[in-house]
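This one's a predicted model, so the numbers in the text were calculated from it and none came from an experiment.
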Amino acid sequence: MQAANSFNKIINSEGEPMYSVYSSKIPSLLTVRLDHAREVAYIEFTARILKDDYSKLISTETIRIALNNVAERVNCVLEVEAIINDAKVLLIDVTKDIPLSMTEQVKQTLYMSVSNVKKWRPEKRKQNGIDVAKSVKGKSKCRERISLYCKVTELGLSRNRNFCNSLTACDELLNHFAGKTRVEYNLSSSYMIRKALKIEDVLLKSVLNSTANPLLNIYNRIFDHKALPELATQADYGNFKTLGEYLKNLLLKEYDDDVMKAEQVYRHFHSPKSHFSAKRKELVRIRNIRKSLLFEPASSKQLIKEIANKLS
């Protein structure tokens, strides 16, 4: 790589260059860092580097376009073929756009259909979707997260205005994403990349040529319809049977059906030595009763299966 004047140099106390860095978020995220001591270049970008071809995402067909756009924007020369053959991937978002409108009901159904609320922590996006992260301690190499959200709504946010204005056909791009949901799986370590993509190394060419389906894998682990408890029908539970059930219902309503937050209320009024697994299962059962009163049980399970099929 031959650096140009667009890089900022970081000098050590002896006046020797340590790093040369280009970093910008406008119109899209792009960071290039040259480590002079190690003679290594780090490049970070998203599919937005493809400009009007953003919807095509990064693949074997678009990687050369992406790297050439990086070189053009940074004003440097990249050895594209060498990067494709020899570069290593340190983090990646595996992405797919599926034909599904992210309505409030779809978002709520997904939120209430996480099969193991102790292992997976769902969080609603205010505007347009849901994130589900694995509950792990510290900076674990097994930290996992999947996001499902409406891309049109996300592109309409003020922080994305510069990107949309940089396109020659923004309306066409928005029309492409209309009625679609973006699914993203964040892989933030070499271990996770190898495991999820079922590859032996993290070379760029290995990542791009992987035939694994990590999106379907993590989706089924989180929303596995076979593991979901049977939901009560409205005929069976037109009203809650006991005062205790009704109070648990109010507690879940207060915390937007977040079982783990509701459990914290229980913990406040009980000894730390108490076992809460039974109480958690009861909260999940009441949450499913609430779900059955809000949505048709059959359609809820059908939605979970439908999304899995679209990810296949």
Side-chain angles (χ1 to χ4, degrees), residues 91-96 98 100 102 104-126 128-150 181-189 191-193 195-197 212-231 248 251-252 255-267 275-292 294-295 297 300-312:
L91 57 87
I92 187 174
D93 286 338
V94 181
T95 305
K96 186 173 183 178
I98 62 174
L100 175 73
M102 180 54 70
E104 187 64 31
Q105 179 168 331
V106 169
K107 180 168 68 173
Q108 184 69 9
T109 299
L110 287 168
Y111 183 83
M112 299 180 73
S113 296
V114 175
S115 58
N116 188 333
V117 294
K118 184 177 181 181
K119 183 176 180 180
W120 300 100
R121 300 288 292 121
E123 291 187 8
K124 294 178 184 175
R125 293 189 174 203
K126 290 184 179 180
N128 63 342
I130 181 173
D131 299 322
V132 185
K134 189 176 183 179
S135 298
V136 294
K137 295 181 179 179
K139 296 182 179 180
S140 171
K141 65 180 180 180
C142 297
R143 187 183 298 274
E144 296 179 273
R145 185 187 66 192
I146 188 174
S147 301
L148 300 92
Y149 62 95
C150 173
T181 289
R182 171 153 291 189
V183 186
E184 291 179 350
Y185 179 16
N186 177 252
L187 301 174
S188 56
S189 71
Y191 170 81
M192 289 177 59
I193 293 171
K195 182 179 179 181
L197 298 182
N213 191 342
L215 286 174
L216 180 62
N217 180 278
I218 187 174
Y219 178 86
N220 282 338
R221 283 190 286 135
I222 296 172
F223 301 105
D224 187 359
H225 62 271
K226 296 178 182 178
L228 291 175
E230 289 295 331
L231 303 178
K248 293 182 180 72
L251 180 62
L252 286 164
Y255 288 99
D256 199 21
D257 292 296
D258 189 318
V259 172
M260 299 306 288
K261 288 182 179 179
E263 182 182 319
Q264 292 305 312
V265 177
Y266 271 82
R267 291 181 180 275
H275 295 287
F276 291 92
S277 58
K279 294 180 175 61
R280 187 183 305 118
K281 289 180 181 178
E282 176 68 4
L283 286 170
V284 170
R285 187 179 71 82
I286 300 300
R287 183 199 66 177
N288 288 328
I289 295 175
R290 285 177 48 77
K291 179 180 175 181
S292 70
L294 290 170
F295 311 117
S300 297
K301 282 199 169 185
Q302 182 59 37
L303 173 65
I304 300 302
K305 293 180 182 179
E306 178 185 340
I307 295 176
N309 290 336
K310 294 178 186 297
L311 291 172
S312 298

Next item on the list: For side-chain contact (heavy atoms from CB on, under 4.5 Å), just list the numbers for I307 and Y219, CA-CA rounded to whole Å, side-chain angles, deciding distance to a tenth of an Å, and then say yes or no.
Entry: CA-CA 9 Å; I307 295 176; Y219 178 86; 3.2 Å; yes

Next item on the list: Under the side-chain contact (heavy atoms from CB on, under 4.5 Å) rule, what do V132 and L110 come out as? Steps first, then yes or no, please.
Entry: CA-CA 10 Å; V132 185; L110 287 168; over 6 Å; no

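- Put simply, the residue from E144, K96, R145 that forms a side-chain hydrogen bond (donor to acceptor under 3.5 Å, both in side chains) with Y185 is E144.
- Tested against K124 for a salt bridge (charged side-chain N to carboxylate O under 4.0 Å, His left out), the candidates D257, D256, D131 yield a single pass: D256.
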Notebook entry, point to check: When you look at F223 and V114, which way does the side-chain contact (heavy atoms from CB on, under 4.5 Å) test go after all the steps?
Noted result: CA-CA 5 Å; F223 301 105; V114 175; 3.9 Å; yes

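- The distance from atom CG of L251 to atom CG of D258, rounded to the nearest 0.5 Å, is 10.5 Å.
- The number of heavy atoms from other shown groups lying within 6.0 Å of CD (E123) does not exceed 12.
- Taking NZ of K107 as the reference point, atom CZ of R125 lies at 10.0 Å (rounded to 0.5 Å).
- The salt bridge (charged side-chain N to carboxylate O under 4.0 Å, His left out) search around K310 returns E306, not counting sequence neighbours.
- Evaluation of the ring-ring contact (aromatic ring centres under 6.0 Å, His included) rule for Y111 yields no partner, not counting sequence neighbours.
- Evaluation of the side-chain contact (heavy atoms from CB on, under 4.5 Å) rule for K195 yields Y191 as partners, not counting sequence neighbours.
- Between K248 and R287, the closest side-chain pair of non-hydrogen atoms is not below 4.5 Å.
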